[in-house]
Participant: 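Handing you this structure, nothing more for now.
Letters go in sequence order (proteins before strands), and every chain restarts at 1.
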Amino acid sequence: MIARASKLFLPTLRDAPADADAASHKLLVRGGFIRQVGAGLWTFLPLGWRVHQKVVQVIREEINAIGGQEMLEPVLTPAELWETSGRIGIPIVFKLKDRTGRDFVLPFSHEETMTFHARELQSYKQLPQLWYHFSTKERDEPRPRGGLLRVREFIMKDSYSFDRDELGLDRSFDAHKGAYERIWERCGLEVYYVEAESGIMGGRESSGFMAPAESGENILVRCENGDYYADYDAARGIPRAPELPEPLDKPEEVETPGVTTIESLAEFLGIDPAATSKAMPVMVGERPVLALIRGDDRLSEEKLVTALGEGYRPMTDEEIRSVFGAGGGSLGPVAVTIDVLADDALHEGQFVAGANRDGWHLRGVQAGRDYKPDFADIRQANEGDACAVCGGKLLEQTAIELGHIFKLGTFYSVPFGATFLDEDGEEKPLVMGSYGIGPARTMAAVVEQHHDERGIQWPRTVAPYDVHIVALTGTESYADRAASALDDAGFDVLLDDRDARAGEKFADADLIGCPFRVTVGRKAAEDGTVDLRERAKGEDDAVKVDELVSAVRGKLS
RNA sequence: CGGGACGUGGCGCAGCCUGGUUAGCGCGUCGGCUUUGGGAGCCGAAGGUCGCGAGUUCGAAUCUCGCCGUCCCGACCA
């Protein structure tokens with residue numbers, strides 16, 4: 001197929017919109033790929049939709065290759081399904097009513113609907129099953145941003161596996177992991193498989209795929225030695241050893257007038273901030289809990305939720321006063337009646353803690369001796385922590401989360417009654433997994449990872465066209481010949497036949513970023529040659545028009 | 001939801017503080033002539049409810065209030 005630029009709706013811009021920040025946002029808008037309709041709402045213009053479709057096709061092929069069956073489920077979803085799973089209460093769920101007042105959800109993923117259909121699975125003989133679709137998702141996103149990086153409506157490939165047991169789930173999960181890795185590879189992306197939190201999806205285990213990018217939404221924590229990758233929220237690090245003072249036989253009160261922060265406490269006592277502990281009192285439902293971390297650490301809210309097994313909220317000042325008898329800056333774990341959940345970093349050693357008495361702290365507080373906590377990893381990992389695998393240094397890098405895969409287990413099948421009969425005639429719930437990829441985010445990540453100051457450098461697999469022919473004035477017949485030859489050879493061709501100046505056409509070609517550019521100029525008439533250039537390399541090779549196809553093929557091999 | 005900023009032809013901006021005829025500039029668009037391998041030159045032209053609504057005033061893009069929208073930081077987040 002030959003696309004003629006003179007006929008295309010391809011509105012390129014010399015300047016990026018003032019509100020664009022991320023490179024992918026600027027370049028996709030400037031290149032005429034996408035346009036904004038509202039906050040987090042984007043139209044894919046013809047060129048952008050071509051790229052999106054190419055990403056979709058790569059995903060489709062790889063999911064089909066592991067046995068996926070493509071289908072399509074509706075966006076508009078009866079709210080009862082989401083009441084069954086309990087996800088109706090999640091704030092970002094779009095909800096609406098029809099004219100009779102019936103409640104509906106516009107889902108951000110389709111676990112409920114898929115499980116609804118999975119109730120038709122009846123026998124172990126039918127398992128495993130792997131179903132997927134590409135469909136529009138909605139989320140009532142509090143803060144869309146970064147062009148395609150965080151939006152309110154988007155297309156997602158989500159697949160769902162149904163197995164008879166955990167072993168089967170592990171196999172389905174691993175198959176997806178492999179498929180996803182092939183997808184990123186084919187899209188030319190650098191992506192890391194990371195530990196992640198399952199958050200609002202439910203289920204017991206989840207992993208993310210993160211693409212490092214200048215304008216990432218997430219933080220990728222990685223070991224300098226390449227043996228550990230994790231999402232920031234889930235990352236485990238080993239903090240540096242604190243400089244602990246001489247141990248005491250029992251805690252000792254010390255007056256600390258007006259000292260309510262870790263910084264001022266460490267300074268006042270002349271000690272390492274890492275030799276202090278920080279108390280974070282929370283309410284878990286009606287149950288008060290004291291979360292305790294090292295003074296120089298930050299509490300990971302995600303890890304705390306995981307450790308508690310349910311959500312929580314910070315205590316109000318009044319609650320703190322009534323539970324501890326002291327204000328927020330003077331709290332500690334000694335002699336409290338509520339449960340204490342201490343970070344693993346407090347396992348060994350003696351730390352300074354609040355005395356639960358305004359203006360006083362305790363030196364020499366030791367877990368196990370002076371208070372009896374439960375232990376868990378509830379601190380955020382920091383850059384510079386030691387890697388839990390090899391002891392190397394942990395690094396942080398902004399990244400885009402492109403995919404997320406979950407071992408859901410029976411989280412949905414049990415409430416939906418999606419069961420099957422095994423060989424023994426016993427009824428069992430389906431063991432499920434779910435697996436998502438955002439093609440538009442993938443597209444944005446490709447741009448983030450493949451661009452220069454002039455524009456995009458698409459890998460051929462997802463490029464809008466393989467070859468961009470720049471036809472300079474007076475060369476139309478030669479340009480047509482070149483285009484036809486490439487077209488006949490199976491390449492997607494964009495022919496810039498507009499009545500425009502050379503510089504403008506070159507600038508647009510660099511911006512749009514097709515992998516090959518063919519310049520047809522006066523040399524075509526003189527000696528039958530055109531200039532072939534790879535976008536990512538930027539050097540022209542003079543090639544006879546008759547040899548253009550083989551020259552392009554040669555550069556591809 | 002908290003903090004900050006912005007809203008003026010398609011894109012990028014000035015004007016606003018200190019109200020005063022027909023609201024400017026660059027790019028783009030249309031017509032003409034010239035030009036033609038890295039966003040050309042000259043001439044002419046079209047295109048704007050100054051986000052919306054109230055208010056103050058003889059007079060509001062400009063001052064006041066309210067609302068809406070968009071972006072950034074945070075909170076939140078498959």
Participant: Where the side chain of A/Arg150 is concerned, which of B/G37, B/C71, B/C77 is the nearest nucleotide?
Facilitator: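 Out of B/G37, B/C71, B/C77, the nucleotide with an atom closest to A/Arg150's side chain is B/C77.
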Participant: Give the nucleotide from the list B/C77, B/G39, B/G12 with an atom nearest to the side chain of A/Ala18.
Facilitator: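 Among B/C77, B/G39, B/G12, the one nearest the side chain of A/Ala18 is B/G12.
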Participant: Using distance alone, with no hydrogens and no angle criterion, decide if A/Arg87 and A/Tyr412 have a side-chain donor and acceptor under 3.5 Å apart.
Facilitator: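 A/Tyr412 and A/Arg87 do have a side-chain donor-acceptor pair below 3.5 Å.
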Participant: Can you check whether A/Arg501 has a side-chain N or O nearer than 4.0 Å to OP1 or OP2 of B/G39?
Facilitator: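 So the side chain of A/Arg501 is outside the cut-off, no N or O lying under 4.0 Å from OP1 or OP2 of B/G39.
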Participant: Using a heavy-atom cut-off of 4.0 Å across all strands, would you classify A/Gly438 as base, sugar-phosphate, or nothing?
Facilitator: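 The answer is nothing, as A/Gly438 stays clear of every strand by at least 4.0 Å.
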Participant: Quickly, which of A/Phe104, A/Phe108, A/Phe94, A/Phe116 forms a ring pair (Phe, Tyr, Trp, His ring centres under 6.0 Å) with A/Trp82? Name it, please.
Facilitator: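 Testing each of A/Phe104, A/Phe108, A/Phe94, A/Phe116 against A/Trp82, the sole residue satisfying ring pair (Phe, Tyr, Trp, His ring centres under 6.0 Å) is A/Phe108.
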Participant: Can you tell me how the ring of A/His404 sits relative to the ring of A/Phe406, calling it parallel under 30°, perpendicular over 60° and tilted otherwise?
Facilitator: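 Judged by the thresholds at 30° and 60°, the geometry between A/His404 and A/Phe406 is parallel.
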Participant: Using the C1' atom on both, measure B/U18 against B/C76 and round to a whole Å.
Facilitator: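 Result for the C1' pair: 44 Å, nearest Å.
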Participant: Would you say A/Arg14 places a side-chain N or O within less than 4.0 Å of OP1 or OP2 belonging to B/G28?
Facilitator: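 Answer yes for this pair, as a side-chain N or O of A/Arg14 is under 4.0 Å from OP1 or OP2.
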Participant: Cut-off 3.5 Å, side chains only: do A/Glu70 and A/Tyr132 have a donor facing an acceptor?
Facilitator: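 The criterion, which ignores hydrogens and geometry beyond distance, is satisfied for A/Tyr132 and A/Glu70.
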Participant: Sticking with atom C1', work out how far B/C25 lies from B/G48, rounded to a whole angstrom.
Facilitator: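 Approximately 14 Å lies between the C1' atom of B/C25 and that of B/G48.
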Participant: Taking atom C1' in both B/G15 and B/C63, what distance in whole Å separates the two?
Facilitator: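 My reading of the C1' atoms in B/G15 and B/C63 gives 16 Å.
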Participant: As a test of reading the structure: which of B/G39, B/G26, B/C77 is closest to the side chain of A/Ile92, going by heavy atoms?
Facilitator: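 Among the listed nucleotides, the one closest to the side chain of A/Ile92 is B/C77.
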Participant: Please tell me which of A/Val520 and A/Gly146 maps to the more 5' nucleotide of RNA chain B, matching each residue to the nucleotide holding its nearest heavy atom.
Facilitator: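 Mapping each residue to its closest nucleotide by heavy atoms, the 5'-most match is A/Val520.
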Participant: Compare the minimum distances between each of B/G38, B/G37, B/U36 and the side chain of A/Arg454, then state the nucleotide with the smallest one.
Facilitator: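 Of all the options, the side chain of A/Arg454 is nearest to B/G38.
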Participant: Here's a test of your reading of the structure: between A/Asp508 and A/Ala20, which maps to the more 5' nucleotide of RNA chain B?
Facilitator: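 Closest to the 5' end, via its nearest nucleotide, is A/Asp508.
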Participant: With a 4.0 Å limit, can you tell me whether A/Arg522 has a side-chain N or O closer than that to the phosphate oxygens OP1/OP2 of B/G37?
Facilitator: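 Yes, within the criterion.
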